[in-house]
Amino acid sequence: MRKFFTDNKQDLEKFGQLLASPKKIVLTAHQNPDGDAYGSIFSLYALLNQMGHEVYAISPTGHADYISWMPGVSNVINFQDDLERGRAERLISEANLIFCLDFSALSRIRDMGSIIESSKADIVLIDHHQEPEDFADFVFWDESAAATCELIFLLINRLNLSHLINFEVATCLYTGILTDTGSFRFDSTTPQVHEIAGQLIAKGINPNRINRKLFDQYKVDSLRFRGFALAERLTYLEEMNVAYFTISLEDQEKFNVEKGDTEGLVNYGLSIAGVVMSVIFIENEDLIKISFRSIENFSVAEMARNHFDGGGHKNASGGKSNLTLKETVDKFLKLLPDYQKSLLEQSV
Ligand code: 5GP
Ligand code: MN
């Protein structure tokens, strides 16, 4: 399914008119931003700045270290920062145009959701998550897209603005596509994805350097924590084709775990031969954060949505639980027999 407002001539013209004169624009993406969320924000930040707009990037939360090098990040306003919130609220209320990027449920931007919903600005939604909510005036959405950054590349071309894809814009778009395709590994990696990546590389970006900045920046504590998690906190349920990690607050304290140190850990579960679903349960102060990953046709989005107050994509989803860590894992284990048939069918 896809919905491109640019396919409708009137909507395209209306949007073109909006961008034709200088506007106050707010860009935002989902909480705990990843490479695609920030790639989306900062590609448009660099692009719209070139067009003479007054552009502000507001994130519903802070970000992890691995994306802090991205061009434009130093300008981001963190909505959770008490010193910045007032300014962020004012900018949202004064904005003519708000871009909601890489999310399509307002709950994904926390307390910013209600403020944006009640703003008078025109809202542009660009996203690839399932089941979008209906809150935007212009929707550019395709759940089969590999990344929101892929959609932004297409949108830029639809608007005949590809001459504005400079080094910064290309770096951001490439980062979003790279991270959301699991380094060009997921099913979403289509010929078009590689063609777009090729066009971005042709703008002079350095894929090797981008990869190293994203993936080879561990602190030694963080790498040791991964070793610990793999050795001590990974359970492999061979009879179910399932692997899962449980990370307590105590574990995180012991290894000085910071935001982002658990990022990607869940994927290691899928590297075990035969594993169809990998899950990580991470204890936070207030709730248990869960990440699900799967292969082939096993939908972790369904599991996250129906049982763990979450959602996402077929092969990568997330959710949460207000139970204790142990109770959450027990709940998960009790569900598994219902999924066993499907889990055993998908193994390759
Ligand atoms: P992650 O496991 O990396 O946090 O999230 C993987 C994907 O699941 C994200 O791209 C996001 O779409 C989705 N996701 C994660 N947490 C939630 C959640 O609490 N609610 C919903 N609806 N989706 C989530
Ligand atoms: Mn994305």
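Every heavy atom of this structure was used, including side-chain atoms; hydrogens, water molecules and symmetry mates were not. Order of listing sets the numbers, starting from 1, for every ligand and every atom in it. This is a predicted model, so every value here is computed, not measured.
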Side-chain donor/acceptor pairs under 3.5 Å, residues 271-285, sequence neighbours excluded:
{"residue": "S271", "atom": "OG", "partner": "Y268", "partner atom": "O", "Å": "2.6"}
{"residue": "S278", "atom": "OG", "partner": "V266", "partner atom": "O", "Å": "2.7"}
{"residue": "E283", "atom": "OE1", "partner": "L249", "partner atom": "N", "Å": "2.9"}

Review item, side-chain donor-acceptor pairs of residues 86-95, under 3.5 Å, at least two apart:
{"residue": "S93", "atom": "OG", "partner": "R90", "partner atom": "O", "Å": "2.9"}
{"residue": "E94", "atom": "OE1", "partner": "K24", "partner atom": "NZ", "Å": "3.4"}

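The shortest N or O to N or O distance between G318 and ligand 1 is under 3.5 Å. Considering both main-chain and side-chain atoms, R293 comes within under 3.5 Å of ligand 1 through a nitrogen or oxygen pair.
Heavy-atom neighbours of E239 CD from other residues, nucleotides or ligands within 6.0 Å: above the threshold of 12.
Closest protein heavy atom to atom 24 (C) of ligand 1: G311 O, 3.3 Å. The nearest protein atom to atom 4 (O) of ligand 1, hydrogens excluded, is given as K289 NZ, 3.4 Å; this is a heavy-atom distance. Atom 20 (N) of ligand 1 has as its closest protein heavy atom G310 CA, 3.5 Å. At the shortest separation from atom 11 (C) of ligand 1 among protein heavy atoms lies R108 NH2, 3.3 Å. Of all protein heavy atoms, the one lying nearest to atom 2 (O) of ligand 1 is S291 OG, 2.6 Å.
Judged by distance alone, the side chain of K331 and the main-chain N or O of H307 form a donor-acceptor pair under 3.5 Å. Remark: side-chain polar atoms of D251 are not paired, donor with acceptor, to backbone N or O of I247 under 3.5 angstrom. In this structure, the side chain of H63 does not engage the main chain of P33 through any donor-acceptor pair within 3.5 Å.
Cation-pi geometry between K314 and F298 is not met at under 6.0 angstrom from the ring centre and within 45 degrees of the axis. Judged by the 6.0 Å distance and 45° axis criteria, R2 is positioned over the aromatic ring of F4.
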For R224 and V220, what are the C-alpha separation, side-chain angles and deciding distance, and is it a side-chain contact (heavy atoms from CB on, under 4.5 Å)? CA-CA 6 Å; R224 290 196 206 287; V220 68; 3.6 Å; yes
Would F292 and F308 count as a ring-ring contact (aromatic ring centres under 6.0 Å, His included) here? Give the steps. CA-CA 11 Å; F292 301 88; F308 295 100; 5.7 Å; yes
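Nearby protein atoms of type N, O or S around the Mn ion (ligand 2) amount to 4 (distance under 2.8 Å).
Partners of H30 under the ring pair (Phe, Tyr, Trp, His ring centres under 6.0 Å) rule, at least two apart in sequence or in another chain, do not exist in this structure.
At a heavy-atom cutoff of 4.0 Å, ligand 1 is contacted by the side chain of H129 but not by its backbone.
Look at A316 and you'll find a heavy atom under 4.0 Å from some atom of ligand 1. The closest approach between any non-hydrogen atom of R305 and ligand 1 is not below 4.0 Å. In this structure, E263 has no heavy atom closer than 4.0 Å to ligand 1.
In this structure, CE on M1 lies 10.0 Å from CD on Q130, to the nearest 0.5 angstrom.
Atoms of ligand 1 found under 4.0 Å from any heavy atom of H313, numbered from 1 in the order shown, are 10 (O), 12 (O). Using a 4.0 Å cut-off to heavy atoms of K320, the atoms of ligand 1 that qualify are 19 (O). Here is the list of ligand 1 atoms found below 4.0 Å of a heavy atom in G312: 8 (O), 12 (O), 13 (C), 23 (N).
Side chains of N78 and S59: no donor on one and acceptor on the other come within 3.5 Å.
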